[in-house]
Amino acid sequence: MSADLVGVWEVALSDGVHRIEFEHGTTTGKRVIYINGKEILRRDWMFKLVGKETFSVGRTQTKATINIDAVSGFAYEYTLEINGKSLKSYMENRSKITNTWLVNLDGLDCRIVLEKDTMDIWCNGQKMETAGEFVDDGTETHFTVGDHDCCIKAVSSGRRKDGIIHTLLVDGTEVSEATE
């Protein structure tokens, strides 16, 4: 770990949870960004110590920006924005547009994410091949993980405020949703 490490954030995207680390050398002007331990950006000898660094995260190339603001004297504040929103605001909105399930299949932990707006399904960072069909009470989107038959059922809650309820079934057994 570097003494210049000033910020660490965990960002849950459809293709997985990404750890973003930021080093800021206030005496050298150095800026380094790591995603999941891999260096993705390095700037040495920056004379302007405040500003922002913009980069992409994950397979979906989600836009991220680290803002560097002076608080007082030589104290700095570091904030992360995802798609132009504060991390907190982005994660609150994300919980409205995605469903996430964590399930262990054949000893392997699987993170399954449904993007409600596109109906894309991701499993451990891989976009899944799916087949959708209309059924009496809604829709079913079928996909496989290993030797397991998976299905996300979408049914109306009957209440406008609650909207559509999505349920994951693995080999016919319902899996409870995870909270991220």
Side-chain angles (χ1 to χ4, degrees), residues 1 5-23 31-43 52-67 78-133 138-155 163-171 173-180:
M1 272 297 152
L5 184 67
V6 294
V8 178
W9 300 273
E10 299 273 329
V11 180
L13 300 175
S14 296
D15 67 340
V17 179
H18 301 279
R19 181 181 173 94
I20 298 171
E21 297 171 286
F22 182 57
E23 291 180 5
R31 297 179 188 179
V32 185
I33 299 173
Y34 299 92
I35 298 178
N36 302 328
K38 182 176 176 234
E39 183 179 308
I40 60 127
L41 183 138
R42 174 180 290 269
R43 297 190 200 286
K52 50 180 64 179
E53 292 295 343
T54 300
F55 54 98
S56 297
V57 181
R59 291 177 189 233
T60 55
Q61 295 292 296
T62 302
K63 182 180 164 209
T65 302
I66 295 174
N67 295 303
Y78 307 92
T79 55
L80 179 67
E81 292 178 356
I82 304 293
N83 283 341
K85 296 182 177 137
S86 72
L87 181 59
K88 182 178 188 280
S89 170
Y90 175 80
M91 295 313 285
E92 286 169 357
N93 184 55
R94 185 167 168 70
S95 69
K96 295 175 192 164
I97 62 169
T98 62
N99 289 80
T100 303
W101 295 271
L102 302 174
V103 62
N104 189 297
L105 300 176
D106 304 323
L108 176 70
D109 288 330
C110 296
R111 181 177 178 273
I112 298 172
V113 178
L114 166 68
E115 293 180 350
K116 295 180 198 176
D117 54 348
T118 61
M119 292 306 287
D120 287 340
I121 297 173
W122 296 74
C123 180
N124 291 350
Q126 297 292 321
K127 191 170 171 184
M128 305 303 291
E129 288 288 325
T130 62
E133 67 177 318
T139 63
E140 292 182 354
T141 304
H142 299 272
F143 60 102
T144 57
V145 176
D147 295 330
H148 299 277
D149 291 322
C150 302
C151 170
I152 295 180
K153 291 182 66 88
V155 296
I164 297 172
I165 298 170
H166 295 88
T167 308
L168 173 65
L169 301 170
V170 176
D171 297 326
T173 304
E174 187 174 327
V175 176
S176 50
E177 191 174 345
T179 54
E180 289 189 316

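Since the structure is predicted, the reported quantities are computational estimates derived from the model, not experimental observations.
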Nearest atoms (heavy-atom pairs only) where [X] meets [Y]:
X: E177; Y: W101; value: CA-CD1, 3.4 Å
X: H18; Y: N36; value: ND1-ND2, 3.1 Å
X: S14; Y: V113; value: O-CG2, 3.8 Å
X: V57; Y: A64; value: CG2-CB, 3.7 Å
X: W122; Y: E115; value: NE1-OE2, 3.4 Å
X: R94; Y: A12; value: NE-O, 2.9 Å

Run the numbers on Y34 and E23 for side chain to side chain contact (heavy atoms under 4.5 Å, CB included), then give the verdict.
CA-CA 9 Å; Y34 299 92; E23 291 180 5; 3.3 Å; yes
Drop me the distance from [X]'s [atom1] to [Y]'s [atom2], to the nearest 0.5 angstrom.
X: L168; Y: K153; atom1: CG; atom2: NZ; value: 12.0 Å
X: S95; Y: N93; atom1: OG; atom2: CG; value: 7.5 Å
X: H148; Y: L105; atom1: NE2; atom2: CG; value: 4.5 Å
X: M91; Y: K96; atom1: CE; atom2: NZ; value: 13.0 Å
X: R42; Y: I40; atom1: CZ; atom2: CD1; value: 12.0 Å
X: T130; Y: I152; atom1: OG1; atom2: CD1; value: 9.0 Å

For the pair E92 and K88, find out whether any cationic side-chain nitrogen is under 4.0 Å from an anionic carboxylate oxygen.
yes
Do NZ/NE/NH1/NH2 and the carboxylate oxygens of E81 and K52 come within less than 4.0 Å?
no
Do [X] and [Y] have side chains that approach each other closer than 4.5 Å (heavy atoms only, starting at C-beta)?
X: E140; Y: L169; value: no
X: L80; Y: F22; value: no
X: T62; Y: N83; value: yes
X: I164; Y: K116; value: no

Determine yes or no for a side-chain-to-main-chain donor-acceptor pair under 3.5 angstrom, with [X] supplying the side chain and [Y] the backbone.
X: D171; Y: D149; result: yes
X: D15; Y: G58; result: no
X: R31; Y: E53; result: no
X: K63; Y: G84; result: no

Has E133 got more than 12 heavy atoms of other residues, nucleotides or ligands less than 6.0 Å from its CD?
yes
Can you check side chain to side chain contact (heavy atoms under 4.5 Å, CB included) on T65 and N67, steps first, answer last?
CA-CA 6 Å; T65 302; N67 295 303; 3.8 Å; yes
Between I121 and I112, is a side chain to side chain contact (heavy atoms under 4.5 Å, CB included) present by the stated rule, with each step listed?
CA-CA 7 Å; I121 297 173; I112 298 172; 4.0 Å; yes
Does the pair V17 and R111 meet the rule for a side chain to side chain contact (heavy atoms under 4.5 Å, CB included), with working shown?
CA-CA 10 Å; V17 179; R111 181 177 178 273; 3.8 Å; yes
